[in-house]
Trainee: 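So that we are looking at the same thing, I have put the structure below in structure tokens.
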Amino acid sequence: MTQAQTEKVNLLGLSVEKLTAFFESLGEKRFRAVQVLKWIHQSGVDDFSQMTNVSKALREKLAEVAEIRAPEVLGQWDSSDGTRKWLIKVDGGSAIETVYIPDGERGTLCVSSQVGCSLDCSFCATGKQGFNRDLTAAEIIAQVWIACKSFGQLEPRGPRKVTNVVMMGMGEPLLNFDNVVDAMNLMMEDNAYGISKRRVTLSTSGVVPALDKLADVTDVSLAISLHAPNDELRNELVPINRKYPIAMLLDSAKRYIERMPDTHRKMTIEYTLMREVNDRPEHAEQLAELLRDVPVKINLIPFNPFELSDYQRVSNNALRRFQQILLDKGFTVTVRTTRGDDIAAACGQLAGTVNDRTRRAERYRNAAQAVRIVG
Ligand code: SF4
């Protein structure tokens, strides 16, 4: 690639505001931003010459100074249950994963926000991969663009397959705040994907200062990756809890919900159940007590085993018992059925190939190897 090409502005990840500023910097009218935005995100066009309602002179100018560049798809896998997974190459030698989960009329895309993750939750395959870097806004929205294109959704009268997006793939979205907010704004933008704010969900493990800022810039739905009903256990499972304990996190989440214009909104509590770790009746009782005054629905996720993890899946009996205790206390409780297991696309299994800057992946592999040798 030549120097001139690398300096081109990638329009794929620019919000309406940034695209408008870009056209103004070229001495062009503001409405050009909406025209080009529609071509990119509603028609899937990545070649300026196809933008027929843009003058030829401007198209030529754009081709000189800008580009629409999505990362390369290295692989796409389809599960027998309709789940689809993509492995996407990003600059720097790593690859991230994105998963689509169909469920009746609903199609949920689970989008990654970072290459790996710095937080190292003990039950998460992404955490074991270490961390490389934040994704750019273009790399985040590209996951939606790639999925929609693969389903023909960006063609005239194409099927509306991607109805929901969850920022729940690789990475902690609040540690990549600005890029995630820009990408989510594009997901909700009427001239782009037009997904309602109720159907775009940001899931966080609890970066409280960033969560405190979130309501200033967006009103997407919120999910909290809680996974434990007390600080002692959560410190083990979700290490960021040592910095921002449960009470602080729930207070911040409540403040976020309270600032939402719609008074009926609830946050989702994600709770991954691991056998004899956090699945006992007393854990359910503690959870009910903890969430007594918090507007929540609870999503129970049976742990999905992966290499390098010693945790086991919750038994069906323990799962039912846990759910019943919460139902009896009046909570709305759903159980996430495992999807995409045959293509390693289930919740908590996303790994990609992370060019790990933390050397954490190497340490985990060495530790597992030592256990195998001793065993
Ligand atoms: S659960 Fe989320 S925050 Fe924790 S290590 Fe995995 S990706 Fe990171």
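Fair warning: this is a prediction, and the values are worked out from it, not measured in the lab. Numbering of ligands and ligand atoms starts at 1, following listing order. For the numbers below, each heavy atom of this structure counts, side chains included, while hydrogens, waters and symmetry mates do not.
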Trainee: Is it true that atom NZ of Lys38 has more than 12 heavy atoms of other residues, nucleotides or ligands lying nearer than 6.0 Å?
Mentor: no
Trainee: For atom 8 (Fe) of ligand 1, does an N/O/S atom of Cys121 lie at less than 2.8 Å?
Mentor: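 Cys121 does not place any N, O or S atom closer than 2.8 Å to atom 8 (Fe) of ligand 1.
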Trainee: Using 30° and 60° as the class limits, which term best fits the ring planes of Phe151 and Tyr100: parallel, tilted or perpendicular?
Mentor: tilted
Trainee: Give the C-alpha distance, both sets of side-chain angles, the deciding distance and a yes or no for side chain to side chain donor-acceptor pair (under 3.5 Å) between Ser113 and Glu172.
Mentor: CA-CA 7 Å; Ser113 56; Glu172 163 52 59; over 6 Å; no
Trainee: Would you confirm whether Tyr244, through its side chain, and Pro209, through its main-chain N or O, come within 3.5 Å as a donor-acceptor pair?
Mentor: no
Trainee: Just need the protein heavy atom nearest to atom 8 (Fe) of ligand 1, so name the residue and atom and give the distance.
Mentor: Cys117 SG, 2.3 Å
Trainee: Which of the numbered atoms in ligand 1 are below 4.0 angstrom from a heavy atom of Asp120?
Mentor: 5 (S)
Trainee: Tell me whether atom 4 (Fe) of ligand 1 has Cys124 as a neighbour, meaning an N, O or S atom of it below 2.8 Å.
Mentor: no
Trainee: Would Lys128 count as a cation-pi partner of Phe306, with NZ or CZ less than 6.0 Å from the six-membered ring centre and within 45° of the ring normal?
Mentor: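 No, Lys128 does not sit over the ring of Phe306.
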Trainee: Just to confirm my output: which protein heavy-atom neighbour is closest to atom 2 (Fe) of ligand 1, and how far is it?
Mentor: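 Answer for atom 2 (Fe) of ligand 1: Gly171 O, 4.1 Å.
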Trainee: Quick one: does Ser205 get a heavy atom under 4.0 Å from ligand 1?
Mentor: yes
